[in-house]
Amino acid sequence: MTVLSVATYKQRYAYGEDYGTSQFKFGPIGEKPIVIENRGLFLGESRTLLKIYGIEKEVVVGPDVVKYLGSIEDVSRHLVYPMRDGLIDKNDGRSWRIIEELTRYGFLVSRPQTRDFDGFYVTAALSAIAPDYMYERLFEIHAKIDKEERSVKAVTVIPQPLAVAIAEKSVTCVVVESGHGNTQITPISAYPIRNAIVALNRGGAEADAIAAEILKDLGFGDRVREEKFVRLFKEAVGLVPRNLDAAIKAARQNPERFAVAFKIPGTTIEVNLERNGWMRFLIGEVIFNPEHEVFESYYKRGMPRPRDTVMGEFVVRGTLPLVNAIQEALSRVSIELLPRLYNDIILSGGNFSWRVPKGLEDVAVDSAEKIRLGLAELGIDSRVHIVADPLYSVWKGAIVYSIALPEDVEWDWRSREGWYKRGVHY
Amino acid sequence: MGVESKEATLSREDLMYVDYIKKFIVDVKRGRVDRVSARDNTIEIIGVDSTGARLAVRLISSRIPISYVNTEVTHEAHEAEEIDADYVYLAIPSKKLIYIAKRTREILKEKGVGLIEVYAHGDTVEVMSSSLRIQKPVQPKSPVVERIIQPRLSEEVRLPANLSSERPEMPSENIARPSTVDSEEKIPDFVKDNPWLSVLSRRRAGGG
């Protein structure tokens, strides 16, 4: 048998894990990862019945979840989505149990049959604001799985924005990651600049909230409890205005141009905006500037105002416009780095996927252009772009990290970097 | 090893960058530096990497005006065909790198020429890796290029002991060498030419 060098071994058996709020992406080096939903089903009382059929599992994850749904009476109690905005409570045993099972599932389906395999070099990616205990629990889980199956030679954990920067091949940049519940701004220059990370308690959920308010105004109040209905409406009609006031004015002057009818396929449900086409711009604007006066009436009638974020001594207003939040993050960075950081702002996450319909280019923009315009208004020249591969970029960055980080760098809590290794740590 | 120059017009800044590139060859490529020469606005550092492959790094001078950066890099990418080395790189001060156009990068890639970003504070980043080249016959150099200016270098820039160009020890098995490993295996595009391979391979325990 050929003995591989450590570097060759590490490249061959590099493994990436992206623990996203809605999906878990994992797998060894290749063109793309395996994707499953980040959820698990506790079989609970039904186990007694299932045991009759020889099924001993306590938790089911992956594609098998669907098979068991019919055997569970109270699905909402047993089907657990472990992460909320990328985080899990320290004492949430059920959620951590799901994470363990998802991680084990990954190794089970990825384990190579080669004779020289002695465990993967695993890089797991977590939210930039994940606390230390999440790192600890992930290490424990990987160590436990390795003891059972010898599938983890070493493991490390990196923040998701760093993985995005790696996948984008950008060493000095600002990664703005916006998911359903929060938005993180992470300046990076070879390392994430930790004291400059700014997190906002808002994301796609705020666009959902304003979309729900619009639906109520249009007479669909009974339907807004269905999250999927609201989300489909948001994605179908929402627009990001170049300038909200100008867009509303244009839409009111020429409502036919912005009129749109949203129909749920296979149903008779149709939402017609008719003369209210201007409302489409509110859905996109709230992501970037929930402080605009037009939203005040919505807050007054009960739409939740984004919560403030407390980061050490700093309090970041939940409604702070996104360009101001970027400025806030970069105010904590050396001025020598600023031109390079403003020159490469990378937008990542589903909350930035806004399209511009043909013919509306004069009033609507994509997310990158919206931020570039906002910074230009503040007198800052910038280059902003949306991540090339929004679905897999974190996993790709994790794979590169597994290959490149030297094997002899051991985990260090101060720098939050290095390998947590078999034979050293477990 | 000497520094050869047609004219001794190198700026102190360029000489500083030369040192950083030498450090890159020694520390990152685990190789040695054999020779440094200067011609017009281009400085060339010749050496070998840990596998014995011959490296040539041409520094784009810090004095090149911004408006001329793309022309100069493109010119050097074409000139690189004549360089007698297995791997050819252009090194460029970081403050000039941002002016390199996408098309210029494509030309570098087509020519198999790597790109090294050199920071004023000493860091070097392999932004694009170089491809192994099939050599063309090399033209003999003009005698004027051979004039040695070693005394000038030693006067202006003191080389720290740890930047010595003496041949270093060969890398041990446990040092990551991502740009050289297993080239026969299929490597995904997102891994190829990724500057983070070089950045991360220099990580040391404790975040150093």
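The structure displayed is predicted, hence computed values, not measured ones. Just so it is clear: chains get the letters A, B, ... in the order the sequence lines come, proteins before strands, and each one is counted from 1.
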**OP:** Find the one option among A/Val171, A/Ile29, A/Asp389 whose heavy-atom pairs under 4.5 Å with chain B are most numerous.
**Re:** A/Val171
Subject >> Contacting region of B/Val199 [heavy-atom separation from chain A under 4.5 Å] >> reply: side chain
Subject >> Contact class of A/Ala14 relative to chain B, heavy atoms under 4.5 angstrom >> reply: neither
Original post:
Going by an N to O cut-off under 4.0 Å, is there a salt bridge joining B/Glu117 and A/Arg340?
Top reply: yes
Subject >> Donor-acceptor under 3.5 Å (B/Asn194 side chain, A/Val400 main chain) >> reply: no
Original post:
Heavy-atom distance under 4.5 Å to chain B: side chain of A/Tyr9, backbone, both or neither?
Top reply: neither
Original post:
Just wondering, more than 12 heavy atoms not from A/Asp381 lying within 6.0 Å of its CG?
Top reply: no
**OP:** Dump the intermediate steps for side-chain contact (heavy atoms from CB on, under 4.5 Å) on B/Trp196 and A/Leu405, then the final yes or no.
**Re:** CA-CA 9 Å; B/Trp196 282 94; A/Leu405 186 70; over 6 Å; no
Original post:
Checking heavy atoms, do the side chain of B/Asp189, its backbone, both or neither come under 4.5 Å from chain A?
Top reply: backbone
Original post:
Can you name the nearest heavy-atom pair linking A/Pro406 to B/Leu200, along with the distance?
Top reply: CD-O, 3.1 Å
Subject >> Over 12 foreign heavy atoms within 6.0 Å of CD, B/Glu106 >> reply: yes
Original post:
Which region of A/Thr172, side chain (C-beta onward) or backbone (N, CA, C, O), has a non-hydrogen atom less than 4.5 Å from a non-hydrogen atom of chain B, or is it both or neither?
Top reply: side chain
Subject >> Non-hydrogen atoms of B/Asp193 and A/Lys169 that approach each other most closely >> reply: O-CD, 4.0 Å
Original post:
Do the non-hydrogen side-chain atoms of A/Lys396 and B/Val191 ever get within less than 4.5 Å of each other?
Top reply: no
Original post:
Are B/Arg203 and A/Tyr191 in a cation-pi contact, defined as NZ or CZ under 6.0 Å from the six-membered ring centre and within 45° of the axis?
Top reply: yes
